[in-house]
Peer 1: 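Next up is a structure, given as structure tokens.
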Amino acid sequence: MSAITSIVWFRRDLRLSDHEALLAAAAEGPVLPLFILDPVTDAALSGAQRLRLKASLIVLAADLKAAGSRLILRRGEALATLLTLIAESGARAVRWTRLTDGPSIARDTRVKAALKAQGVTAESHGGLTLLDPWRLKTGAGAPYRVFTPFLRALTQETVAAPLPRVRLAAPEGGIASEDIERWRLDAPMGPAAPALADRFRPGEAAARDRLDEWLDGPAARYPEDRDRLDRPEAGTGLSDHLALGEISPRTIWAALDRAGGAAGPEAVRRQLVWRDFAHSLLFHDPEMERENWRREWAAFPWRGENDDAERWRRGETGVDVIDAAMRELWATGRMHNRARMLVASYLTKHLLTHWRIGAEWFRETLIDWDPANNAMGWQWVAGSGPDAAPFFRIFNPETQAGRFDPDGAYRDHWLTGAGAETFRAMSPKDWRKAAHDERPAPMIGLKAGRERALEAWARMREKTGAVSAEG
DNA sequence: GTTGACTTGCT
DNA sequence: GCAAGTCAA
């Protein structure tokens, strides 16, 4: 037992390995690990990920205990809580891992300035992404707006090797922690909570096990199976671990590197670069969680909240693959990446509904929700985001289903099979009647919906004056 | 100013 | 095969 030197403020970095802030703090003396349920964190967290976070914090607390330390949980405004803990513990420094979303950056900037004004060392550290989000710039000195050049630029750089697991000294006793049960993080999911919690394995050790499992098996078949809706085991299954930082992207990167250029691991590396790209985009445009990344898209005649959107959320659109995917989302807190593109395309194009409404539903339902990935993904599909050629890309759900769920196993599972039963059992009361009914008729034909979206796009082009026939 | 290139698509 | 558009060099 010795006097505490630094506080490590955990947020989306719930791990003990490859943790810069923790390692730097431990090198200076005894550490007080702290998680704060503050208003900014609270506002961003929604149903399923709240539950996921609770599970992760319980494992982190156990891991810290096993390492001879302990996790302190507090609820309250971030700065006030930190100042209280500094007073209680005598800490002289606070360290954390930087985030890239606007609200977090705003909060952390305020906290850092206030702590420094009090003579406390306040320092943020990298590790959320492979490279810091400001690192890669185009020849003109601007942030990249297109993925491929970003990928090429990142390939030229060296991604740092993961840092070793921290060794902690036991902190002084007497600092009280709150009881996580009293935070009621599972409350928003209601009766669905236990079934949902049964489906994930939280924590750093589980994340590493999953990575090893994937490398030993599914990795070899990943190039052929990754797009198959009916082969969910093909994916790495690391997204929820990554979203809460139970494993670091650099750790995954290094493990994939050891696979020596095999096609599967290389394809997943590319996915990690997409993640870095998303964080870089959000860092440079903090508004993009809510505003069109291409601001001229304000002229697009998207509909706001509407009955079709509610049917989309409940999986009652009448388009089989869309409804299957939306039920999977509700029942598991996950959705296949390709299914995400399909449901996003259907909502924003066929149903002409604003991507923000879809993005908000993903925030509420995904256990792997991440502000940067969510914002970029939705805007990429909607057409308001990065990457050119948006209107080459109105997905035909039936064509897609035929290609990536050829036997209909995925659709059957969620529409009539065991998945459908699970979904009914986990659904709110007012959803259940419809879930038992016959399949509803689609709200708009696939062809008519596509044409309507193309017309809306053409109208926007006229309005914004960006007419290609100009030259 | 020109040109090659573009994660997941379409008919 | 084509591409309603844009970016990076």
Side-chain angles (χ1 to χ4, degrees), chain A residues 136-156 222-229 231 234-236 239 263-278 280-281 284-285 292-297 299-300 319 321-322 325 335-346 348-350 373 376-406 445-471:
Chain A
L136 300 179
K137 292 276 171 65
T138 67
Y144 282 96
R145 298 164 64 84
V146 177
F147 175 71
T148 307
F150 181 88
L151 171 67
R152 274 199 280 263
L154 191 142
T155 311
Q156 306 293 311
Y222 184 79
E224 307 90 71
D225 285 358
R226 54 172 292 203
D227 278 322
R228 288 286 293 269
L229 300 172
R231 291 182 191 162
T236 61
S239 62
E266 281 307 303
V268 171
R269 274 223 219 186
R270 205 179 157 87
Q271 300 301 312
L272 276 180
V273 179
W274 271 99
R275 180 177 175 278
D276 259 48
F277 184 51
S280 171
L281 289 170
H284 288 103
D285 180 8
N292 293 304
W293 186 76
R294 295 176 197 273
R295 295 294 194 268
E296 65 273 22
W297 275 70
F300 192 83
V319 180
V321 71
I322 303 296
M335 192 194 289
H336 191 289
N337 185 44
R338 176 156 294 270
R340 296 184 196 202
M341 291 191 280
L342 298 182
V343 301
S345 174
Y346 190 76
T348 56
K349 312 232 161 144
H350 288 87
N373 290 340
M376 182 195 69
W378 273 94
Q379 297 218 45
W380 186 86
V381 174
S384 62
D387 192 39
F391 271 83
F392 294 25
R393 205 186 289 137
I394 297 178
F395 288 81
N396 181 324
E398 282 175 0
T399 311
Q400 290 281 317
R403 202 175 293 163
F404 301 115
D405 180 31
L446 295 181
K447 189 154 183 262
R450 175 187 169 83
E451 282 163 8
R452 187 173 69 175
L454 288 169
E455 282 160 20
W457 177 81
R459 281 204 303 282
M460 176 190 75
R461 298 277 300 163
E462 278 168 35
K463 232 196 266 183
T464 55
V467 181
S468 53
E470 170 177 24

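Everything quoted here is computed from the prediction, not taken from an experiment. Within every chain, numbering begins at 1; the chains are lettered A, B, ... in the order of the sequence lines, protein sequences first and strands thereafter.
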Peer 1: In whole Å, what is the span from the CZ atom of A:Phe147 to the P atom of B:dT8?
Peer 2: 11 Å

Peer 1: Counting only side-chain nitrogens and oxygens, does A:Tyr144 get under 4.0 Å of the OP1 or OP2 atom of C:dA9?
Peer 2: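 Checking C:dA9 against A:Tyr144, a side-chain N or O does come within under 4.0 Å of OP1 or OP2.
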
Peer 1: Please name the pair of heavy atoms, one in A:Ala234 and one in A:Asp225, separated by the smallest distance, quoted to 0.1 Å.
Peer 2: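 What the structure gives for the nearest pair is CB-CB, 3.5 Å.
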
Peer 1: B:dA5 P sits how many Å from A:Phe150 CZ, rounded?
Peer 2: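 Taking atom P of B:dA5 as the reference, CZ of A:Phe150 is at 21 Å.
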
Peer 1: With sequence neighbours excluded, tell me which residues meet ring pair (Phe, Tyr, Trp, His ring centres under 6.0 Å) with A:Tyr144.
Peer 2: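 Residues passing ring pair (Phe, Tyr, Trp, His ring centres under 6.0 Å) with A:Tyr144: none at all.
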
Peer 1: Rounded to whole angstrom units, what separation is found between the CD1 atom of A:Ile394 and the P atom of B:dT8?
Peer 2: 16 Å

Peer 1: Any side-chain N or O of A:Thr148 less than 4.0 Å from the OP1 or OP2 oxygen of B:dT7?
Peer 2: yes

Peer 1: Tell me: NE2 of A:His350 to C1' of B:dC10, nearest whole Å?
Peer 2: 12 Å

Peer 1: Strictly below 4.0 Å: does A:Gln400 bring a side-chain N or O up to OP1 or OP2 of B:dC10?
Peer 2: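 Affirmative; the distance criterion is met.
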
Peer 1: Counting the atoms with a prime plus P, OP1 and OP2 as sugar-phosphate, which does A:Arg226 contact under 4.0 Å by heavy atoms, base, sugar-phosphate, or nothing?
Peer 2: base

Peer 1: Roughly how many Å is it from CZ in A:Phe395 to C1' in B:dC10, rounded to a whole number?
Peer 2: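 Result: 11 Å.
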
Peer 1: Would you please name every residue forming a side-chain hydrogen bond (donor to acceptor under 3.5 Å, both in side chains) with A:Gln400, sequence neighbours left out?
Peer 2: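 By the side-chain hydrogen bond (donor to acceptor under 3.5 Å, both in side chains) rule, A:Gln400 matches A:Arg338.
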
Peer 1: Out of B:dT11, C:dC7, B:dT8, which has the shortest distance to the side chain of A:Asn396?
Peer 2: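 Nearest nucleotide to the side chain: B:dT11.
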
Peer 1: Taking the C1' atom of each, how far is B:dC6 from B:dC10, in whole Å?
Peer 2: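 Going atom to atom, C1' in each nucleotide, I get 16 Å.
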
Peer 1: Any chance you could encode DNA chain B as dot-bracket? Rule is Watson-Crick or G-U wobble with both distances under 3.5 Å; [ ] for pairs crossing earlier ones, | for another strand.
Peer 2: .|||||..||.

Peer 1: Indicate the atoms forming the closest heavy-atom contact of A:Gln379 with A:Asn292, along with that distance.
Peer 2: OE1-CA, 3.4 Å

Peer 1: Can we say A:Arg459 and A:Glu462 salt-bridge, meaning some charged N sits less than 4.0 Å from an Asp/Glu carboxylate O?
Peer 2: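 Not counted as a salt bridge, because no side-chain N and carboxylate O are separated by less than 4.0 Å.
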
Peer 1: Can you name the nearest heavy-atom pair linking A:Arg145 to A:Pro386, along with the distance?
Peer 2: O-CB, 3.5 Å

Peer 1: If I pick the C1' atom on C:dA3 and the same atom on C:dC7, what distance separates them, to the nearest angstrom?
Peer 2: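 Pairwise C1' distance, C:dC7 against C:dA3, rounds to 16 Å.
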
Peer 1: From the list C:dG5, C:dA8, B:dT8, which nucleotide is the closest neighbour of the side chain of A:Arg145?
Peer 2: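 Nearest to the side chain of A:Arg145 among the choices is C:dA8.
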
Peer 1: Of all the nucleotides listed (C:dA8, B:dC10, B:dT7), which has the minimum atom distance to the side chain of A:Arg270?
Peer 2: B:dT7

Peer 1: Would you mind reading off the distance between A:Trp297 atom CH2 and C:dT6 atom C1', rounded to a whole angstrom?
Peer 2: 13 Å

Peer 1: Please state how far atom CD in A:Gln271 lies from atom C1' in B:dT8, giving the value in whole angstrom units.
Peer 2: 9 Å

Peer 1: Distance check needed: C:dG5 P versus A:Leu454 CG, whole Å only.
Peer 2: 11 Å

Peer 1: Could you work out which one of B:dT7, C:dT6, B:dG9 sits closest to the side chain of A:Arg338?
Peer 2: B:dG9

Peer 1: Can A:Trp274 be classed as stacking with the base of B:dT7, given a centroid separation cut-off of 5.5 Å and a plane angle cut-off of 30°?
Peer 2: yes

Peer 1: Report yes if a side-chain nitrogen or oxygen of A:Arg461 is closer than 4.0 Å to either non-bridging phosphate oxygen (OP1 or OP2) of C:dG5; otherwise report no.
Peer 2: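 For A:Arg461, the contact criterion (side-chain N or O under 4.0 Å from OP1 or OP2 of C:dG5) is met.
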
Peer 1: Give me the ring orientation class for A:Tyr346 and A:His350: parallel if the planes are under 30° apart, tilted from 30 to 60°, perpendicular past 60°.
Peer 2: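 Parallel: the ring planes of A:Tyr346 and A:His350 meet at under 30°.
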
Peer 1: Salt bridge or not between A:Arg270 and A:Glu266? Use side-chain N to carboxylate O under 4.0 Å.
Peer 2: no

Peer 1: Kindly point out which of B:dT8, C:dA8, C:dT6 is positioned nearest to the side chain of A:Val146?
Peer 2: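 Closest nucleotide to the A:Val146 side chain: C:dA8.
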
